[in-house]
Amino acid sequence: MSNQLQHKYAISASRKLSLKILLLTRATEDLEAEKTANEEQKVRYLREKLPPLQLSGLNIDDLQKVCKEIHEKIHVVDEDRYDCEAKVHKNYRDINELKLKVQDLGGKFKKPALRKVRVSADEMLKALFGSKTKGSMDLRANLKSVKKEDIKQEKLTMEVGDWRKNVEAMSGMQGRKKMFDAAGGAQ
């Protein structure tokens, strides 16, 4: 049924061409009318902003004054023009950045959902460096082994400590008493 409706309302190629030509002529007429309107608006604006100069009958000081005023107006207009151009360039950059963002978001790729994977150290090294790894990396083998003798030796060094501290602690009457008590207690 939809095929019959499509066939019933189908436009012939010549009709399409004639409609396209009409649209193009209408668009060119609109463009020309817009150009003339812009030109008229420009002339009106210039008439408002710049009245016709009357230089006849002015002495040199008045002419210099008129020139300075015109120069100041030109300076203001140049500043405005520069500001407008800067805004336009900024807007173009923003538009391009937004277009890139839209293209990135509208891309065909989607981020897959990540899942936890248990990987040993050897497998991780192979994945990172390929087959260049030397042997296997056993993390437990690299741990420092601690013996009981090492612990006792560390305790002894902790008790003895720095000799300067001992000298300061043993100086004076209290220190001599400690030395006497230590010597007498050892016998």
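Just so you know, these numbers come straight off a predicted model, no measurement behind them. Residue indices begin at 1 and follow the sequence shown.
The side chain to side chain donor-acceptor pair (under 3.5 Å) pairs that include a residue from residues 69-89 are His75-Glu79, Arg81-Glu85, where partners are two or more places apart or lie in different chains.
The CD1 atom of Ile95 sits 12.0 Å away from the CG atom of Leu100 when rounded to the nearest 0.5 Å. Expressed to the nearest 0.5 Å, how far NZ of Lys16 lies from OG of Ser14 amounts to 10.5 Å.
For Lys99, the side chain to side chain donor-acceptor pair (under 3.5 Å) criterion is met by no residue, not counting sequence neighbours. Partners of Lys116 according to the side-chain contact (heavy atoms from CB on, under 4.5 Å) rule, which considers only residues two or more places apart in sequence or in another chain, do not exist here.
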Using a 3.5 Å cut-off and no angle test, enumerate the donor-acceptor pairs between side-chain atoms of residues 28-37 and protein atoms at least two apart in sequence or in another chain.
from, atom 1, to, atom 2, distance (Å)
Thr28, OG1, Leu24, O, 3.2
Thr28, OG1, Thr25, O, 2.7
Thr36, OG1, Glu32, O, 3.3
Thr36, OG1, Ala33, O, 2.8

Donor-acceptor list for residues 52-67 side chains, cut-off 3.5 Å, not counting sequence neighbours:
from, atom 1, to, atom 2, distance (Å)
Asn59, OD1, Asp62, N, 3.0

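Side-chain contact check for Asn38 versus Lys42: every heavy-atom pair is 4.5 Å or farther apart.
Under a 4.5 Å side-chain heavy-atom criterion applied to ILVMFWY residues, the cluster that includes Leu98 comprises that residue alone.
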